[in-house]
S.K.: 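What follows is a single structure, and I will ask about it in a moment.
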Amino acid sequence: MSELLTVNAVTKAFGRKVVLENIHLHLEPGRIYGLLGPNGSGKTTLIKLINGLLAPTTGEIYVDGSGIGPRSKSLISYLPDKLYFAEWMTTNNLIDYYSDFYEDFDKERAYNMLMNLNINPDEKLKVLSKGTKEKVQLILVMSRRAKLYVLDEPIGGVDPASRDYILDTILSNYDENASILISTHLITDIERILDEVIFLQNGRTVLSAAVDDIRANEGKSVDELFREVFRCY
Amino acid sequence: MLLKLMKHEMKSLWHYCGLVIICVLIASAIFEIGVVGVVAIKNSVVDIIMIPSLIFLGFAIVAVLAYGIQFGVAFRFYRTMSSDEGYLTHTLPVNTSQHILSKLLSACIYTICSVIYLIIFIVLTVIVLAGVTGGFDHFPDIMRELKVAYDEFKSVVNIPIALFIAEYTIMSLVSVVYSILIMYVSVALGQLISTHKFVWSVVFYMIITSVIGIITQIATMIFTAIPGLFAPFMAAGENATPELFMGATHVIILIVTVLMAVVGLVAFFVTKYIYERKLNLE
């Protein structure tokens, strides 16, 4: 099967500090990947590299055969782990913005999701709660028919009741041939949707395996394995 | 894609500069009404209060518009390129050059419009003053005086007058682009520091403009010593003829334009390099 994302021997250092070391990743279409690891393991740095927000010190990254650039950015729908929209904008402004720049943006899908969550698209972001702003971000990201969704802590800031809705939103809004790369600490919440997991520790890949294989070979859930691998002594 | 970027940039710049523009428009209206009032009332007590107030207001209009737009342009660039909003900017499917170019062109449009507005404001003030003081009766005389001045200027300037105006206009346009690019490169350098990025951007701006100022002083000293350029003009001192003066001005315009274009280009490519290779979003 053709690779959607190839991370080839990527190392990222900030000055003398090496944050990622010799990372290899090969993501195939139509799968959901969990990027898991403790704080400071390099998850967000790797995601920033994939999205062109950082340049690797060494190594290469390809998205659907293209190096990082305008084409790769048109294929990736990225949700950062922070609020990044201008507060003076309304959701309507943002929908216009997204539909102008992303050919794969589906306005109808966005408005349907906003309606389901009772979010008024005419309201400015500054009057919305933090949780609602996060939902608006997720709606905009999931309203694209992208090839790869890269979601950095999509459920980190929301209450447990909203997590299921968000995960359902993610699952029901991505195309069969698209892939999702999710980074999170909340493994129990997302384990049910994952096909594969990648464990990062101190900037290195310590495990890359299918969830079914982990269950069959280790006799453990991903959460149990995570706790074992990253146990704090 | 550049036009789409510009469309959103123009709208967003209004958010940053709109308040300044509205305030300036209101202040301009108050100024013009004040000018009419002072001339109409002809009261010495009113004059003592109003004339200094109007002079202050006039300067405030010019300063607020000029600096307000510049600050709005710089802050907008910082917010979209170096703060959290950069996550949206830098993941759009466009390259860094297009980002910088779209912001630069939009900022130029705002700056040029503000300059045009100030010219209109001054002309309007002159017309209002002429209207209320009966100055229009002297209009033919003024036109005659202007014609004499124009003919004198034409006889002094060795180059065609249209070319001189074109050179001056090009220098002004290059200077607008240059000043914006200096702000952009300062913001780009400021984002390399992990904390207080905007403060650091201001510090870098002050450093860059000071360094350019010092280099310009040194270059001027060197150039004035070169025979054939400004040396005859400098040697003539107070007795310099208008021909010498205009000749020197002509050369200065060309040199300044070229230097600003070169420094502007360097600033553009440094900004591009920093955002492509050294992006430092939190």
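Below, each value reflects all heavy atoms present in this structure, side chains not excepted, and no hydrogens, waters or symmetry copies. By convention in this document, chain letters (A, B, ...) are assigned in the order of the sequence lines, proteins followed by strands, and residues within each chain are numbered from 1. Note that this is a predicted model, so its numbers are computed, not measured.
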S.K.: Measure K278(B) against the heavy atoms of chain A and call it side chain, backbone, both or neither at under 4.5 Å.
M.R.: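 Neither; nothing under 4.5 Å.
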S.K.: Between H90(B) and chain A, which part of the residue has a heavy atom less than 4.5 Å away: side chain, backbone, both or neither?
M.R.: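 For H90(B), backbone and side chain are both near chain A.
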S.K.: Against chain A, label S83(B) side chain, backbone, both or neither, depending on which of its atoms sit under 4.5 Å from a heavy atom there.
M.R.: neither
S.K.: Do NZ/NE/NH1/NH2 and the carboxylate oxygens of E87(A) and K133(A) come within less than 4.0 Å?
M.R.: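 A salt bridge is present here (some side-chain N lies under 4.0 Å from a carboxylate O).
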S.K.: Counting only non-hydrogen atoms closer than 4.5 Å, does Y78(A) touch chain B with its backbone (N, CA, C, O), its side chain (CB onward), both, or neither?
M.R.: side chain
S.K.: Which one of M1(B), K7(B), H15(B) has the most heavy-atom pairs closer than 4.5 Å to chain A?
M.R.: H15(B)
S.K.: Which heavy atom of G264(B) sits nearest a heavy atom of Y178(B), and at what distance?
M.R.: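 Residues G264(B) and Y178(B), closest heavy atoms: N-CD1, 4.1 Å.
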S.K.: Looking at K48(A) and D152(A), is any side-chain nitrogen of the basic one under 4.0 Å from a carboxylate oxygen of the acidic one?
M.R.: no
S.K.: Is D104(A) salt-bridged to R144(A), going by a charged N under 4.0 Å from an acidic O?
M.R.: yes
S.K.: Does a side-chain N-to-carboxylate-O contact under 4.0 Å join E153(A) and K82(A)?
M.R.: no
S.K.: If I measure from the heavy atoms of chain B, does L83(A) come under 4.5 Å with its side chain, its backbone, both, or neither?
M.R.: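 Only the backbone of L83(A) comes within 4.5 Å of chain B.
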S.K.: Return yes if some donor-acceptor pair links the side-chain N/O of K43(A) with the main-chain N/O of L35(A) below 3.5 Å, else return no.
M.R.: no
S.K.: Between chain A and each of N95(B), T96(B), V94(B), count heavy-atom pairs under 4.5 Å; write down the option with the most.
M.R.: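 The candidate making the most pairs under 4.5 Å is V94(B).
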S.K.: Measure distances from Y102(A) to the heavy atoms of chain B and classify the residue's part below 4.5 Å as side chain, backbone, both or neither.
M.R.: side chain
S.K.: Shorter than 4.5 Å, heavy atoms on both sides: which option in G52(A), S72(A), A86(A) has the most such pairs with chain B?
M.R.: A86(A)
S.K.: Please classify the contact of L54(A) with chain B as side chain, backbone, both or neither, using a heavy-atom distance under 4.5 Å.
M.R.: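 Looking at L54(A), just its side chain touches chain B.
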S.K.: Over all heavy atoms of both residues, which pair between K73(A) and T91(B) is shortest? Give the atoms and the distance, please.
M.R.: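 Of all heavy-atom pairs spanning K73(A) and T91(B), the closest is CB-O, 3.6 Å.
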